[in-house]
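As C-alpha cells, the structure follows; a few thoughts come after it.
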Amino acid sequence: MESATAARPAPATPVDPATPRTDAAAQPQQETDGFHLLIDALKLNGVDTIFGLPGIPITDLTRKAQAAGLRVISFRHEQNAGYAASIAGFITQKPGICLTVSAPGFLNGLTALANATTNCFPMILVSGSSEREIVDLQQGDYEEMDQLAIAKPLCKAAFRVLHAEDIGVGVARAIRAAVSGRPGGVYLDLPAKLFPQTMDAVAGRNSLIEVVDPAPKQIPGPDAVTRALDLLKGAKRPLIILGKGAAYAQADADIRALVEKTGIPYLPMAMAKGLLPDTHELSAAAARSFVLPEADVVMLIGARLNWLLSHGKGKTWGGDTPKAWGGQKFIQVDISPTEADSNVRIDAPVVGDIGSCVSALLAGIDASWPTPPAEWMDAISERKTRNVAKMADTLAKNPSPMNFHSALNVVRDIVKANPDAYLVNEGANALDFTRSIVDMYEPRKRLDVGTWGVMGIGMGYSIAAAVVGGQQVIAVEGDSAFGFSGMEVETICRYDLPVCVVILNNNGVYRGDETNWAGHVDGDPSPLVFVKNARYEKLMEAFGGVGAYVTTPAELRKTMEDAIRSRKPTLINAMIAEGAGTESGRITSLNPTAKKKP
Ligand code: FYN
Ligand code: ADP
C-alpha cells in the first residue's frame, strides 16, 4: 500500500446566519451512512476485492460494495472466503478482506483468521454482529455472540465500531495492525445498527483516513548487522534457511544477491520455494537431513525455529536426544523482536523488515567475502546428487495404477513449462511428495498448508490466487483435503477462474486400503476410507466446468495441458493406487500410537 497522501481531516467552513445561503450549505444536506462510509474507507485504502458470503446483517453491504466498484467474490462457506483473504494478503502485502455474517458466519471465518495470524498473513475479518446492550444482557438476540471477545485470543488485534463517524478510524486501525510489524489477522466487529446510521456526507468523508505508510520499514541496528556478518564470515559450514517471511517481504533480488554473493547454500521452506529457482546450484533442499545437523552457522531469514524445523534441536540438528541442541550458532533475521530465543539461543538476532535487513547485510559483503570451504560444498552436492538420482529412478517408473511419483512427475513438467502459475497444495502424502518432487521457479507461487499443516485451504487459496494474482492456478489436492472445500468448485465456475484442480485419488485419508479394526464385516468402512473410485470430476461438470477421470500419466498430462491452454475451470480426478502413501505422509511420528493394536 504505497499511497503517499497524508491522513488529514478537512477544516470546517465558518457559517454567518444573517446572509441568505447560496452556497452548498443552502443545498439540502447530503448524507452518507455506515454502508457507504465502510466502502469508501476500504476504497480509499486501495482495497479492491472483498471475499465473503452474504447474509444478515451484511447482505446489502455486499450489494452496495459491488455497486461501488469493489469486486465481491461470494463463497459457499466463510472458512474458504477467509482462507482466500489471508492468501491474498500473503501475495499482495495488502490485508485481504473477508466479510461474514454474525455468529456462525463469524466462527466459520475465525479458523481462517487464526490460521492467517499463525502464518503471519495480513487479513481483516469483518463481521456483522449483534447489538452490544443485548449481548451484554444475554437476552438471546438473533445470532447473539460476543464476537470481539471470542476473536481477541485468536488474532493480532480486534476492534469494534459503534458509531458511523468512527468507521474511518476503525478501518485505518485494522489495516495498520494487519500489515505493520509481523503481519497477521485482525478482526473488525461491525454491529448491524452501524450500517444504516447516517451523518453529514462532508463530515463523513473527512472522518475517513487514508493510512500513510502502514508497514513502515524497520531498519536493523548496525551492531546487529555487523555481529551477524562476523559470525557468518567465520563459518566453516554455513547455511541460509529461507522461510515464507522472506517470500512475503518481496525483497527477491536482494535475497538472491545475498545467497549468490556469499555462495552460501540455502534451504527453502515450503512456501519460500521459488524465491530462487529450486534448480539453483546453491539449493540444499535435496540434502535437507544432511545440512541441518552438519551446518555450524545457520542464518534464518523469515523462518521460525518451530515444529517445521524441529524447534532448532534434537536429532534433526545433530542433538543426541530430542531436546539436545546441535551446537549450531544461529543468526535470525525477523521483524518480530520477540521471535529470537523462542526455542534455542539465537547468537545474532537481526530485527527489522527483511528488505532493510538483507540490504544492510549486502552492504557489508564485498568481493573479498570468503566463499564457503569446498569440503562443505562438495559434501552437500554429493548428498544432493545421490538424492536426485534416487528420485529420478522413482519418477522414471510407470506403475499401473499410478502412484504419487508417476502422477507428480507430470505435474513437475507442467509447472516447469508454466513457471508463473500458482501451485496450491494440500493433503498429507499429496503435500509432502509434491513439495520435494515439484520444483518452483518463481517467488510466492507455492501456496500450501503452512505452519499449521491445515487441511481445507485448497479452493479458497486457488480462488484468491486466480483473482488477485491473475495467473493460472494448479491445485494439487489429496482426496481427503479436497473434501474440506470441494463445494467451492461452483464458485470457481461462477467466476470462470483459470483453476486446474488435480485430485490424487487413493480412495481415502492418507490411503484407501484400511479395514475396519473391529474385523467384522458389518458394512461400516474404516474411518479412513472413502467411496471407492469416487467421481469427483462430476462435481466440476455439474457447474459447467471441465471434468476428467484419468488413470495414466499420459492422460493426466493431456488433460492438464488442455486445462492450462483453455484456462477453463477444470477438475482432474487422477486415480492412484489405494496403497500409495503413508499415514500422515512424512510426519507419521506425530501420531501418538498405542503400544499394541486392540
Ligand atoms: C527434497 N528432497 C529431494 C528433493 N527435495 N530429493 C531429491 N530431489 C529433490 N528436489 C529430499 C530431502 O533431502 C529429504 O531427504 C526428502 O526429500 C524430504 O524433503 P522435505 O520434504 O523437504 O523434508 P522433510 O524431512 O520431510 O521435512 C520435514 C518437514 C516436512 C516436517 C519440514 O515434512 C513438512 O513440511 N511437512 C509438512 C507436513 C504437514 O503440514 N502435513 C499436513 C498435515 S498432514 P533427506 O534429506 O534424505 O531426508 C495431516 O495429517
Ligand atoms: P516458514 O514456515 O516458512 O519457516 P514462518 O512462518 O515460520 O516461515 O516464519 C515467518 C517469519 O517471518 C515470522 O517470524 C515473521 O515474523 C517473519 N516475517 C514476516 N514478514 C516479514 C518481513 N517483512 N520482514 C521480516 N520478517 C518477516
Side-chain angles (χ1 to χ4, degrees), residues 90 93 117-122 179-184 215 217-218 220 241-251 267-273 275 278-279 283-293 300-310 316 332-340 342 350-358 380 383-395 412 425-440 446 448-457 478 480-481 509-510 528 581-591:
F90 172 73
Q93 287 190 330
T117 307
T118 301
N119 282 279
C120 313
F121 299 159
V179 293
S180 61
R182 170 182 274 176
K217 289 205 171 320
Q218 308 211 343
I241 298 182
L242 300 175
K244 61 180 172 294
Y248 175 79
Q250 299 195 12
L267 182 69
M269 298 301 287
M271 284 179 66
K273 284 165 71 70
L275 248 176
D278 281 337
T279 49
S283 169
R288 187 180 198 275
S289 61
F290 171 74
V291 290
L292 293 178
L300 301 151
I301 304 182
R304 287 170 285 192
L305 284 173
N306 56 22
W307 75 279
L308 289 164
L309 285 169
S310 307
T316 303
Q332 182 147 41
V333 179
D334 202 294
I335 200 164
S336 164
T338 57
E339 185 54 38
S342 59
V350 182
V351 177
D353 72 277
I354 283 166
S356 306
C357 294
V358 173
I380 295 174
R383 174 60 77 95
K384 273 176 70 173
T385 311
R386 209 182 329 140
N387 265 351
V388 168
K390 203 168 78 189
M391 182 185 281
D393 279 357
T394 319
L395 290 176
R412 178 185 165 101
N425 185 208
E426 60 173 348
N429 297 285
L431 175 91
D432 291 339
F433 283 122
T434 303
R435 186 180 56 247
S436 53
I437 293 172
V438 179
D439 292 329
M440 302 304 294
R446 181 183 163 83
D448 74 11
V449 299
T451 308
W452 257 357
V454 65
M455 295 298 111
I457 50 97
S480 168
V509 181
Y510 309 136
L528 281 85
T582 55
E583 176 160 344
S584 305
R586 290 182 64 82
I587 55 173
T588 313
S589 59
L590 294 186
N591 287 293

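In each ligand, atom 1 is the first atom listed, and ligand 1 is the first ligand listed.
Counting heavy atoms closer than 4.0 Å to ligand 2, residue Ile241 contributes nothing at all. Using a 4.0 Å cut-off between heavy atoms, Ile437 makes no contact with ligand 1 at all. Under 4.0 angstrom from ligand 1, there are no non-hydrogen atoms of Glu426. Using a 4.0 Å cut-off between heavy atoms, Arg304 contacts ligand 2 through both its backbone and its side chain. Contacts of Asn387 with ligand 1, taken as heavy-atom pairs under 4.0 Å, involve both backbone and side chain. Residue Phe290 does not touch ligand 1, judged by heavy-atom distances below 4.0 Å. Contacts between Ala270 and ligand 1, counted as non-hydrogen atom pairs separated by less than 4.0 Å, are absent for every part of the residue. At a 4.0 Å heavy-atom cut-off, ligand 1 touches Met455 through the side chain alone.
For the residues Gly302, Gly181, Ser356, Ala215, the heavy atom positioned nearest atom 12 (O) of ligand 2 is part of Gly302. Residue nearest to atom 17 (C) of ligand 2, selected from Ile301, Leu242, Asp334: Asp334 (by heavy-atom distance).
Side chain of Asp393 to backbone of Lys390: no donor-acceptor contact under 3.5 angstrom is found. Not a single donor-acceptor pair under 3.5 Å links the side chain of Ser342 to the backbone N or O of Thr338. Thr588 contributes a side-chain N or O that, together with a main-chain N or O of Glu583, makes up a donor-acceptor pair within less than 3.5 Å. The backbone N or O of Lys217 lies less than 3.5 Å from no partner atom in the side chain of Asp353, so there is not a single donor-acceptor pair.
With respect to atom 25 (C) of ligand 2, the closest heavy atom belonging to the protein is Ile354 CG1, 3.1 Å.
In terms of polar-atom proximity, defined here as any N/O pair under 3.5 Å, Lys244 does make such a contact with ligand 2. Between Ile335 and ligand 2, at least one N/O pair is under 3.5 Å apart. The shortest N or O to N or O distance between Glu339 and ligand 2 is not below 3.5 Å. Considering both main-chain and side-chain atoms, Arg288 comes within under 3.5 Å of ligand 1 through a nitrogen or oxygen pair. On a distance-only criterion, Ala285 and ligand 1 share at least one N/O pair closer than 3.5 Å.
When each of Val438, Asp278, Thr434, Leu275 is tested with Arg446 by the rule side chain to side chain contact (heavy atoms under 4.5 Å, CB included), just one qualifies, namely Thr434.
Scanning for side chain to side chain contact (heavy atoms under 4.5 Å, CB included) contacts around Ala340 gives Gln332, Ile346, Pro349, with sequence neighbours left out.
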